[in-house]
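Worksheet for the structure shown next.
Here is the naming used below: chain letters follow the sequence lines, and residue numbers restart at 1 for every chain.
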2 protein chains.
Amino acid sequence: MRFSPLLDELIKSLQVLPGVGPKSAQRMAFALLERQRAGGRKLSHVLEQALDNIGHCRQCRTFTEEDICAICASPKRALSGQLCVVESPADVVAIEQTGQYQGRYFVLMGHLSPLDGVGPEDLGLDVLENWLDAESFDELILATNPTVEGEATAYFIADIARRHGVSVSRIAHGVPIGGELELVDGNTLSHSFMGRKAFSE
Amino acid sequence: MRFSPLLDELIKSLQVLPGVGPKSAQRMAFALLERQRAGGRKLSHVLEQALDNIGHCRQCRTFTEEDICAICASPKRALSGQLCVVESPADVVAIEQTGQYQGRYFVLMGHLSPLDGVGPEDLGLDVLENWLDAESFDELILATNPTVEGEATAYFIADIARRHGVSVSRIAHGVPIGGELELVDGNTLSHSFMGRKAFSE
């Protein structure tokens, strides 16, 4: 015997969370039962609400409980004429936190990965094409991850954008600010040489 | 803006789990919404069920949805005449997994900690006294953690047990099996010398 059936089921259910194995699930279950009953009840309720109501923005595919997300709905954002393509909603948050970008986003919810059976239709590229048809953007910024899959996805989307007459850019890759050259991997360093710019005083 | 209000609330609610900060909560929320909707729904349901139904065993105070837990209800366990006092239900599981012990448990759900306002009544020591009054045990085994608070708690309970004429033992402390002497801390090593036994061939 381990625990009572219901406690066992709770510990098993908690393992659906990423990075949570049997030991952490047990610790979480005990913490909820011992000290966090109100918080646990709230979590159960909000989780159900979220799963019932949160879907994808009809335009940019990010998570939202509305039909159109707040960024897509903002008229100020539409003025920029820029569209930034990212892999996940977390990337949108990261870019928003820089305060640098004022345009709109398109969230792929993944990247091309033929081995895992992820093709263009899974990334909503038909939705993107319709959007590029319907609206004329000045610039499409590719901000997919600098991984093999992210690069392949960027190439694929660049093709689509060019077919629609939109100019395409890719975010810069290079040595991170605050990083030390000797600790940076060779691939990044060679990107950083290839992407060098005239030094402005 | 960060996320939509409901997604924000989900991320905040997930932080009630121990060891989960804003970043992991965000990762969990996205994972649930992207890939684990069924599992998430199950979690929400089981969590509510567990919080509604799981309480403490009337006799030993461990978590159970019954009035009396499976171990306390077992007649075979009652025959042993042994009672093992532990700090948490996780300790019960750890001891059960050894298969070494066939008696019953008393779960303190914590340890004496005057600074945090945890006194004897919070550990259900009145429940324990009633149990020792009602039943005559041969042995009470103290298996609280070998920490300052755990030791203090053990001394306190040993007093109670002696007043009820029950003989008291403490689990052995020493060098862990498979451990190397040079890596063991001095305190443990000195315990292991004080607790030495005649070598049996």
Side-chain angles (χ1 to χ4, degrees), chain A residues 1-7 9-10 12-20 23-24 26-57 62-66 69-71 74 88-90 92-93 96-97 109-110, chain B residues 1-7 9-10 12-20 23-24 26-57 62-66 69-71 74 88-90 92-93 96-97 109-110:
Chain A
M1 94 116 231
R2 281 178 54 85
F3 301 104
S4 69
L6 191 52
L7 186 50
E9 209 183 334
L10 175 59
K12 217 155 25 174
S13 298
L14 281 164
Q15 292 175 50
V16 79
L17 299 170
V20 176
K23 276 274 171 188
S24 337
Q26 183 182 308
R27 196 160 62 96
M28 285 175 173
F30 288 158
L32 287 169
L33 288 166
E34 270 173 51
R35 295 182 301 273
Q36 299 280 11
R37 287 194 174 235
R41 236 174 267 277
K42 173 108 193 283
L43 171 58
S44 159
H45 176 72
V46 171
L47 180 53
E48 195 186 359
Q49 284 276 310
L51 290 170
D52 283 347
N53 295 312
I54 294 181
H56 296 282
C57 169
T62 195
F63 287 128
T64 178
E65 63 264 33
E66 310 291 340
C69 75
I71 291 182
S74 152
S88 86
V92 173
V93 177
E96 284 297 296
Q97 274 168 353
M109 306 299 291
Chain B
M1 94 118 231
R2 278 177 57 83
F3 300 103
S4 69
L6 190 52
L7 186 50
E9 208 184 336
L10 175 59
K12 217 158 24 184
S13 299
L14 280 164
Q15 293 177 48
V16 79
L17 299 171
V20 176
K23 275 274 171 189
S24 336
Q26 184 183 309
R27 197 161 62 96
M28 285 175 173
F30 288 159
L32 287 169
L33 288 166
E34 268 173 51
R35 295 182 300 273
Q36 298 281 11
R37 288 194 172 233
R41 236 173 268 276
K42 174 108 193 282
L43 171 59
S44 159
H45 177 72
V46 172
L47 180 55
E48 196 186 359
Q49 283 276 310
L51 290 169
D52 283 347
N53 296 311
I54 295 181
H56 296 282
C57 170
T62 195
F63 287 128
T64 177
E65 62 265 32
E66 310 290 340
C69 74
I71 291 182
S74 151
S88 86
V92 173
V93 178
E96 284 296 295
Q97 274 169 353
M109 306 298 293

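For chain A, the option among B/Gly40, B/Ala31, B/Cys69 with the highest count of heavy-atom pairs below 4.5 Å is B/Gly40. In terms of heavy-atom pairs under 4.5 angstrom with chain A, the leader among B/Glu65, B/Gln36, B/Met28, B/Glu48 is B/Glu65. When B/His45, B/Arg37, B/Lys42 are compared by the number of non-hydrogen pairs under 4.5 Å with chain A, B/Arg37 comes out ahead. When the candidates B/Ser44, B/Ser13, B/Ala29 are compared by the number of heavy-atom contacts under 4.5 Å with chain A, B/Ser44 comes out ahead. Across A/Leu14, A/Leu33, A/Thr62, the residue that shares the most heavy-atom pairs under 4.5 angstrom with chain B is A/Leu33.
Residues satisfying the side chain to side chain donor-acceptor pair (under 3.5 Å) criterion with A/Asn53, sequence neighbours excluded, are absent altogether. Residues passing the salt bridge (charged side-chain N to carboxylate O under 4.0 Å, His left out) test with A/Arg27, sequence neighbours excluded: none.
The closest side-chain heavy-atom distance from B/Leu43 to A/Leu17 is below 4.5 Å.
Taken from CZ in B/Phe63 to CG in A/Leu6, the straight-line distance is 12.0 Å, to the nearest 0.5 Å. In this structure, the separation between CZ on B/Arg35 and CE on A/Met109 is 9.5 Å, given to the nearest 0.5 Å.
Contact record, A/Phe30 with B/Pro89: CZ-CB, 3.7 Å, taken as the closest heavy-atom pair.
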| task | Would you check, one step at a time, whether the test side chain to side chain contact (heavy atoms under 4.5 Å, CB included) holds for B/Leu10 with A/Leu47? | result | CA-CA 6 Å; B/Leu10 175 59; A/Leu47 180 53; 3.9 Å; yes

